[in-house]
Engineer: 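This is the structure, below, for whatever I ask next.
Quick note on labels: first sequence line is chain A, next is B, and so on, each numbered from 1.
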Amino acid sequence: MTTMLSTTGLTVTFGVNKAVDDLDLVVEAGQLVGLIGPNGAGKTTTVDAISGFVPCRGEVDFLGTSMTSLSATARARAGLGRTWQSSELFDDLTVLENLQVAAEKISTKGFLRDLVNPRNDDVEALEKILASVDLLAAKNQLPTELSHGQRKLVGVARALAASPAVLCMDEPAAGLDSTESLELGGRIRSLVDGGLSVLLIDHDMGLVLTVCDVIYVLDFGRLIAKGTPEEIRSSPAVIEAYLGGGSDA
Amino acid sequence: MSRYLQRWTTPRGIAAQVAILLGVALAIVILISANQTQALVLGLGAGALIAALALSITLNYQGSGVVNFSVGAMAMYASYIYFGLRTDGKLFLPPIPNPLALIEGVVHLFGAPGFRLPAFPAFISVSNGGSTSYSYGAAIKTAAMSAPEAMVIALAECAVLGLLFHLLIFRPLRKAPVLAKVVASIGLFILLQEIVVLRFGSDAQTVSPILPQHPVSLPRGIHIPSDQLFLTAIVILVTFLLWGIFKYTRYGIATRAAAENEKGSLILGFSPDFLAGVNWVGSTVLVGLFGILIGPINQSIDPYTVTLLVIPALAAALLARFTSFSVTVIAGLGIGMASSWIQYITNQSWFPKVGGAALPGLSDALPFVIIIVVLMLRGKSLPTRGSIETIKLPFAPKAKRALPSTALFTIVAAVLLFVVTPDWRLAIVNATVGAVICLSLVVLTGYVGQISLMQMALAGMSGFTLSKVADAYHIPFPIGPLLGAVVAVGVGLLAGIPALRVRGVNLAVATFAAAMTIQSVVLGNPAWSGTNGASVAPPSMFGVTFGPNQPWSKIFGGGKGLLPNPWFGVFCLVVLALLILGVVNIRRSRTGRQMLAVRANERAAAAAGVSVSGTKILAFAISAFIAGIGGALSGYRFGSVTADYFGAVPSMLFLAFAYLGGISSVSGAVVGGMLVAGGISTMILTSWLHVSDQYTLLIAGTGLILMAIFNPQGVAGGIRELSHSLQARRHAKRGEQPEVELQEVSS
Ligand SMILES: Nc1ncnc2c1ncn2[C@@H]1O[C@H](COP(=O)(O)OP(=O)(O)OP(=O)(O)O)[C@@H](O)[C@H]1O
Ligand SMILES: [Mg+2]
């Protein structure tokens, strides 16, 4: 198995608060890795650090090369995709255009050609992605006209449009009901079976425990457990963190 | 301890240390020379005024989230209220929008030119005017009102005005997008300035002393007039007062809480509205006081000087992050003193000269430099989580059937050029050139969300290049304006660098300061631009000259037609049409999508692989290029490039007009062009409605404010929405679902 994404000693501090503390995390090729933890555990901050949105200490390696000195844009272009906890769609663009932004590469020649004759390449591929999340009918709508669940799916579709090698998904199931959430889990699973490696984040254990291969559990920025779903289910540290933390899981 | 070490060994920390060391070294050098210390000290008065303006900006920002570009205008306005009372005992009134004027216009339209309705009064006499006596042959006017009386009345009016600004303008805009607030404060700026120009003219007026003016001796033979010391003392006192209020009273704490979020103040028992109102009243009285007191120090008042001090004041407020009063005041005083010192230095014999004279405007460049350095050091290339400040902009539609509609529009306008009277022809030309400048803002502000208040200055740089390089070295026509546009791109990129780390209204401030710098260092530099501006030769190609003043033959009637030459108008229209098609294609292509993605959400755009800084740089370049072409066109149109036409204030106005037209669409740029001064709207006002053209800017200012409040989508957006809702209604009547196909909405 090849290692797609790994962090070593990843640490993020906000003032005196260590949001992520010395985290080692590995995503192997074709793996679905879960990252869970109660509210404020540092999950989003971990993804921010991996994808270059927050300065951090430690190493982030992607496909064997260090990402530490690269900008967020460069990491995305290298194939390290992410979604956002609150969708963060481009509200002024249609659903299809949202995907186009992620799929298209810009070049000077392309820019000059577009000035004279703008073209839309590869729309079929993007429509296929939209169809896979049942959003083809909404392709010409604005994100603001969609339901919360649909918006989340557009966020996922947009990340997929860039054809990433690894996708970090920040709570894609938040706000979905349990059947929708399981359906989403199935979709993510089939993506992984199709060759994508995924880091799936959730603060609710339900989804993660059903679909993931390996699970990491964070609490107050520290890794408190790591293992298969069975191991996590029976880990005393996890039970303590979730019950003691008074979280809703 | 190690945290401090860490902070000071980063590249930024090292840069800051170097800057501090250089600053200290410079200060020592200055303080060793008595002359330079003298120059520094003489900047205290202006510094106090800048500090007061900056304090007011901070108060307004804390109270209602508005960065008020009109504080300088307010101070200037107050000085005229005082001036009117003190010299003539008259309180001047703004020209109240008189509905009767329209009736008059309509009556005139139907041919009764003598018809006049009673006008509103311009002044109210508060006391009988002072008597005039003669001594040694000179007229000496005794003051009509004592200084304290005049001061009290003037400040009371300031308080009322502050309350009105809050109630009528900024309260309705409380939840409005940043750009709407910027435009409203630009509108207020123009309005206040125009009212004063209408009532008192634009010449400077001498004012009598208020504070005692005897020179105070300091050590080493340095002198300072006592009124400057008083002014400084007052501003420091005010700062202490504000500091105390904001630190210890419930009111101040609530304001600070409200600035963070609205619920905060409610918990303390104050409504945010009330707090904003009090802050408006307080800040307006504060700038009023200083506007009045600075008059005698400057020896005269005029509608422009103090008004433009808003730029250094914004720099000071920005330096203090719109929060700390003490930093604001120190920065304000510092900028005032540094400006005075720079002026002294540039006048020294050893200082490099341009054309035998001191390089002007370096002191105007100071705030720009400060703003850039501070913002660049402080800013982040991507916003941090939770600080996403989107400037909500109107929807940017894809134009449908752009080619045929642009062609049709161009042909109709071109035909009109030949059939209308010369003044309408000129208006069409002005509107066309204006539309080009507005188009430059569609790309930059409309598509990428970067607020720029320097487009006319960039246009001016292009016109200046056309004059000084292309014409001087006989570079033929199409290359000359293109060269100008390229220079505009260079300057635009340089001034746009802060955009890589700065967003929203801070960028507006930075570009405004850039415009002021370009205006006073280049365009207003007599050594480079002459006293009447840099002259521009008419364009000609293949031996055909088509400048606006080129004689032309009528096509059907034969013989000579009246000027301006309509063929010049056709030329401008063709240029506009080409640029429009280019911008339409940008919106339709990947470039446009990436721009809109950056405008909507920089972080998400970066995560989608979009280079946020690359997109911004590209937008600045395209926009500066278009503005540069517009500058060349207006250079041809006027035959010269002047600082008045291409300065900071016109740049500011153009953002407002583009916004008014509809900043996110190409059709909005065309509407914006029609609205600019001298464009179609001016013609409608002056020749149809018989509004004297001195009122056009006044009406424009009022229009800006009203538009920002009632129709933030702009005229084009408003029309689009209207047609959209009509369409929906039609569908509803037929019992169909309205189609929400956004591409189908034509722009
Ligand atoms: N920009 C920031 N500045 C300061 N503190 C921050 C910032 N971003 C996050 N934090 C803090 O870092 C900690 C981790 O936050 P993070 O959002 O990563 O948690 P999370 O696990 O994603 O939680 P949730 O389940 O609520 O999404 C929290 O204590 C949060 O307050
Ligand atoms: Mg989170």
Engineer: Under a 4.5 Å cut-off applied to non-hydrogen side-chain atoms, are Ile586(B) and Leu115(A) in contact?
Structural biologist: yes
Engineer: Do you know which of Ala396(B), Gly614(B), Ala605(B), Ser613(B) has the most heavy-atom pairs with chain A at a distance under 4.5 angstrom?
Structural biologist: Ala605(B)
Engineer: To the closest 0.5 Å, what do you measure between CZ (Phe90(A)) and CG (Asn601(B))?
Structural biologist: 6.5 Å
Engineer: Is the shortest side-chain N to carboxylate O distance from Glu97(A) to Lys398(B) below 4.0 Å?
Structural biologist: yes
Engineer: Tell me the closest heavy-atom pair linking Thr73(A) and Val612(B), and the distance in Å.
Structural biologist: OG1-N, 4.3 Å
Engineer: Let me confirm one number: the OG1-CG distance from Thr591(B) to Asp114(A), rounded to the nearest 0.5 Å.
Structural biologist: 5.0 Å
Engineer: For Arg113(A), is it the side chain, the backbone, both or neither that has a heavy atom under 4.5 Å from a heavy atom of chain B?
Structural biologist: side chain
Engineer: Asp92(A) side chain to Phe395(B) main-chain N or O, any donor-acceptor pair under 3.5 Å?
Structural biologist: no
Engineer: Given heavy-atom pairs under 4.5 angstrom as the criterion, report whether the side chain, backbone, both or neither of Val54(A) touches chain B.
Structural biologist: neither
Engineer: Below 4.5 Å, heavy atoms only, C-beta onward: do Phe111(A) and Ile622(B) meet side chain to side chain?
Structural biologist: yes
Engineer: Any carboxylate oxygen within less than 4.0 angstrom of a Lys/Arg side-chain nitrogen, looking at Arg603(B) and Glu88(A)?
Structural biologist: no
Engineer: To check you understand the geometry: which heavy-atom pair defines the closest contact between Ala608(B) and Ala76(A), and what is its length?
Structural biologist: C-CB, 4.4 Å
Engineer: When you measure from the side chain of Arg77(A) to the backbone N and O of Gly609(B), does any donor-acceptor pair fall under 3.5 Å?
Structural biologist: yes
Engineer: Are the side chain of Arg82(A) and the backbone N or O of Ala607(B) linked by a donor-acceptor pair below 3.5 Å?
Structural biologist: no
Engineer: Please flag which part of Asn98(A) lies under 4.5 Å from any non-hydrogen atom of chain B: side chain, backbone, both or neither.
Structural biologist: neither
Engineer: Looking at chain A, which one of Ser611(B), Ala597(B), Pro394(B) has the largest number of heavy-atom pairs inside 4.5 Å, strictly under?
Structural biologist: Ala597(B)
Engineer: Counting heavy-atom pairs under 4.5 Å to chain A, which of Val610(B), Leu596(B), Thr615(B) comes out on top?
Structural biologist: Val610(B)
Engineer: I'd like to check Arg590(B) versus Gln100(A) (side-chain heavy atoms, cut-off strictly below 4.5 Å). Are they in contact?
Structural biologist: no
Engineer: Measure Leu578(B) against the heavy atoms of chain A and call it side chain, backbone, both or neither at under 4.5 Å.
Structural biologist: neither
Engineer: Relative to chain B, which segment of Leu93(A) carries a heavy atom at a distance below 4.5 Å: side chain, backbone, both, or neither?
Structural biologist: side chain
Engineer: Is it the case that atom NZ in Lys128(A) sees more than 12 heavy atoms from other parts of the structure closer than 6.0 Å?
Structural biologist: no
